Amino acid sequence: MAKEGKKKGSCLKTLLIIVLAFVVIGGIGSAIGGDKDKAQNTTKKTAASTEKTEEQDKSTEPKEEQAAPDNSEDDQVPKEYKSALNKANSYSETMHMSKAGLYNQLTSEYGEQFSAEAAQYAIDNVQADWNSNALEKAKDYSDTMYMSKMGIYNQLISEYGEQFTAEEAQYAIDHVEADWNANALKKAKDYQDTMDMSPEAIRDQLVSEYGEQFTAEEAEYAIANLS
């Protein structure tokens, strides 16, 4: 009986040791798993923090400054050339000169006396509408000097006049608003009042190719309406 008691006690002790061993192993496994999960969470947080920091660094990086306009080409233009261009723009805008007229004025010894190179630079770069300039000149001749259509055309293309091209002069004649009959009458009255010319002499002067170059119909209108 005593042996059986000892044997039972030994079995219980062995069973208890086995149970305790499983408990210890389970705890160790749980601890390891917990540490692993904790490590994974820590790694994820670190990666997210690093990514956020990189984004912040990018947002705070100074933006590239836009390159300043390159004025080196303009700086290389001689001062004389710039002055000639300024003069050309002024003559075109206020006196409505032609391209050839401008060039001659810029280089003339009685004009601006620029070098040929400076004048050519100005002509090549001037902001001008030559057709518009010719039209403005045509208006001036019609409104202030009461010239005929043919007289204005010849004045616009003359080498001793405005020196516009034939195309520019024709554009001006086609677009100028003028009453040629009224211009002929103004001229006729001027000849009568200042030169005491007879009606027939006035008629001849109005139609002459060396005179006013009005048409026969325009001259007839003028003579018929002289007071």
Side-chain angles (χ1 to χ4, degrees), residues 66-191 194-195 205-215 218:
Q66 293 183 349
D70 185 7
N71 296 322
S72 57
E73 183 176 347
D74 185 64
D75 292 339
Q76 293 175 0
V77 177
K79 181 62 177 177
E80 182 193 9
Y81 286 33
K82 295 179 182 179
S83 296
L85 177 56
N86 290 337
K87 280 289 186 180
N89 282 322
S90 178
Y91 278 121
S92 176
E93 292 169 6
T94 61
M95 299 182 68
H96 314 297
M97 296 178 70
S98 66
K99 181 185 290 187
L102 265 177
Y103 180 87
N104 290 340
Q105 180 65 20
L106 292 175
T107 57
S108 173
E109 62 177 313
Y110 305 108
E112 301 300 334
Q113 303 181 46
F114 284 105
S115 67
E117 293 77 12
Q120 190 59 54
Y121 172 84
I123 294 301
D124 292 341
N125 292 277
V126 65
Q127 299 296 315
D129 182 335
W130 307 117
N131 281 338
S132 178
N133 282 9
L135 178 56
E136 289 298 324
K137 278 292 184 182
K139 288 178 180 178
D140 287 343
Y141 283 122
S142 175
D143 294 344
T144 64
M145 299 181 67
Y146 314 114
M147 293 176 68
S148 66
K149 180 187 291 187
M150 186 58 67
I152 292 175
Y153 178 87
N154 288 337
Q155 181 66 18
L156 291 178
I157 63 172
S158 173
E159 63 176 311
Y160 305 108
E162 301 301 334
Q163 301 177 276
F164 284 99
T165 66
E167 292 77 14
E168 292 159 357
Q170 190 59 54
Y171 174 89
I173 293 301
D174 291 342
H175 292 84
V176 66
E177 294 181 2
D179 185 335
W180 306 116
N181 282 336
N183 282 9
L185 179 55
K186 288 274 189 181
K187 279 291 186 181
K189 287 182 176 180
D190 189 45
Y191 281 122
T194 62
M195 301 181 67
Q205 182 65 20
L206 290 178
V207 299
S208 172
E209 63 176 309
Y210 304 107
E212 302 299 336
Q213 302 179 37
F214 283 100
T215 65
E218 292 160 355

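Numbering of residues begins at 1 and proceeds along the displayed sequence. What you see is a predicted model, and the numbers here were worked out from it, not measured in a lab.
- Side-chain atoms of E168 and T165 include a donor-acceptor pair closer than 3.5 Å.
- Sorted by first and then second residue, the side chain to side chain donor-acceptor pair (under 3.5 Å) pairs with a member in residues 110-119 read E80-S115, Y91-E112; sequence neighbours excluded.
- Tested against Y121, the residues Y103, Y81, F114 include a single ring pair (Phe, Tyr, Trp, His ring centres under 6.0 Å) partner, Y81.
- Atom OG1 of residue T94 and atom NE2 of residue H96 lie 7.0 Å apart, to the nearest 0.5 angstrom.
- Without hydrogens or angle criteria, N131 side chain to Y171 main chain gives no donor-acceptor distance under 3.5 Å.
- Nearest heavy-atom pair, L106 versus A122, reported as atom, atom and distance to 0.1 Å: CD1-CB, 3.9 Å.
- Taking CH2 of W130 as the start and CE of M97 as the end, the distance is 9.0 Å to the nearest 0.5 Å.
- Nearest heavy atom pair, residue K137 against residue E162, reads CE-OE1, 3.5 Å.
- No donor-acceptor pair under 3.5 Å is formed between the side chain of S142 and the backbone N or O of A138.
- Not a single donor-acceptor pair under 3.5 Å links the side chain of S92 to the backbone N or O of A88.
- Rounding to the nearest 0.5 Å gives a distance of 7.0 Å between OH of Y191 and CG of L206.
- Nearest heavy atoms, I123 versus L102: CD1-CB, 3.7 Å.
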Evaluate S158 against Q155 for side chain to side chain donor-acceptor pair (under 3.5 Å), listing each step before the verdict. CA-CA 5 Å; S158 173; Q155 181 66 18; 5.5 Å; no

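- Within the 3.5 Å criterion, the main-chain N or O of S98 finds no donor-acceptor partner in the side chain of N133.
- Side chains of N89 and E93: no donor on one and acceptor on the other come within 3.5 Å.
- In this structure, K82 places its NZ atom where more than 12 heavy-atom neighbours from other residues, nucleotides or ligands lie under 6.0 Å away.
- Judged by distance alone, the side chain of S148 and the main-chain N or O of Q213 form a donor-acceptor pair under 3.5 Å.
- Pairing each heavy atom of A169 with each of I157, the nearest pair is CB-CG2, 3.4 Å.
- You'll find the side chain of I152 reaches within 4.5 Å of the side chain of W180, heavy atoms only.
- Note that the CG atom of D140 and the CE atom of M95 stand 10.0 Å from one another [nearest 0.5 Å].
- With hydrogens and angles ignored, the 3.5 Å screen pairs a side-chain donor or acceptor of K187 with a backbone N or O of M145.
- Residues Y146 and K186 share a closest heavy-atom pair of CG-CB, 3.6 Å.
- Side chains of Q170 and Y153: no donor on one and acceptor on the other come within 3.5 Å.
- Interatomic distance, L135 CG to I173 CD1, rounded to the nearest 0.5 Å: 9.5 Å.
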